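Have a look at the structure below, then the notes.
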Amino acid sequence: MAKARMANAPWGLADADQGFGHARISAAPARSADFYPVLTQAYAVQIARDWNVQASGSGFVTRFEVLKSFLDGYRVEHAGSRAHLEYWIPAEDLPQFNKAIVGEIVVTAAFGKITESTT
């Protein structure tokens with residue numbers, strides 16, 4: 001198997017309604033904006049809990065693996081502090097990003113209002 005890197009992603013309620021209602025998640029929800037998978041669970045929790053709940057009422061944290069060969073095409077960016085590390089994936093690259101996901105996307109935490117479609 002090709003080498004993969006662990007990534008985390010915070011999601012708001014609109015993203016969750018597109019994908020988390022399914023028993024198995026294997027792709028990031030479609031979006032028209034850029035996608036920012038983060039390198040640590042702690043940073044993903046901070047975004048989901050502190051920002052996404054305020055913006056949409058809910059926040060979710062996911063964990064998944066992405067092929068290293070895909071991520072090597074992107075720089076790790078600092079988003080404010082040294083603890084805030086993330087990849088900046090342009091929206092037009094999301095289909096290729098989804099193809100590079102290894103296995104399933106696992107929801108590891110949920111904050112705020114949880115709807116029927118997300119459980």
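Below, each value reflects all heavy atoms present in this structure, side chains not excepted, and no hydrogens, waters or symmetry copies. It should be emphasised that the depicted structure is a prediction, and the values quoted were computed from it without experimental measurement.
By the 6.0 Å contact criterion, CD on Q54 is open, its count of non-hydrogen atoms from other residues, nucleotides or ligands being 12 or less.
Looking at L39 and Y87, their side chains come closer than 4.5 Å, going by heavy atoms from C-beta outward. Proximity of Q41 to V61: side-chain heavy atoms (C-beta onward) are separated by under 4.5 Å at one or more points. Counting heavy atoms from C-beta on, the side chains of F111 and N52 never come closer than 4.5 Å.
Put simply, CH2 on W88 and CZ on F35 are 15.0 Å apart, with the number rounded to the nearest 0.5 Å. For the atom pair CG of L85 and CD of E77, the computed distance is 10.0 Å after rounding to the nearest 0.5 Å. Interatomic distance, CD of Q96 versus CD1 of I101, reported as 12.0 Å (0.5 Å rounding). The distance from atom OG1 of T108 to atom CZ of F60, rounded to the nearest 0.5 Å, is 11.5 Å. From L67, atom CG reaches atom CZ of F97 across 10.0 Å, with rounding to the nearest 0.5 Å.
Tested against V66, the residues L71, I89, N98 include a single side-chain contact (heavy atoms from CB on, under 4.5 Å) partner, L71.
Residues D34 and P90 share a closest heavy-atom pair of OD1-CA, 3.3 Å.
Using a 4.5 Å cut-off between side-chain heavy atoms of Ile, Leu, Val, Met, Phe, Trp and Tyr, with links allowed through other members, F64 and F70 fall into the same hydrophobic cluster.
Under the 3.5 Å distance criterion, with hydrogens and angles disregarded, a donor-acceptor pair is assigned to the side chains of Y43 and E86.
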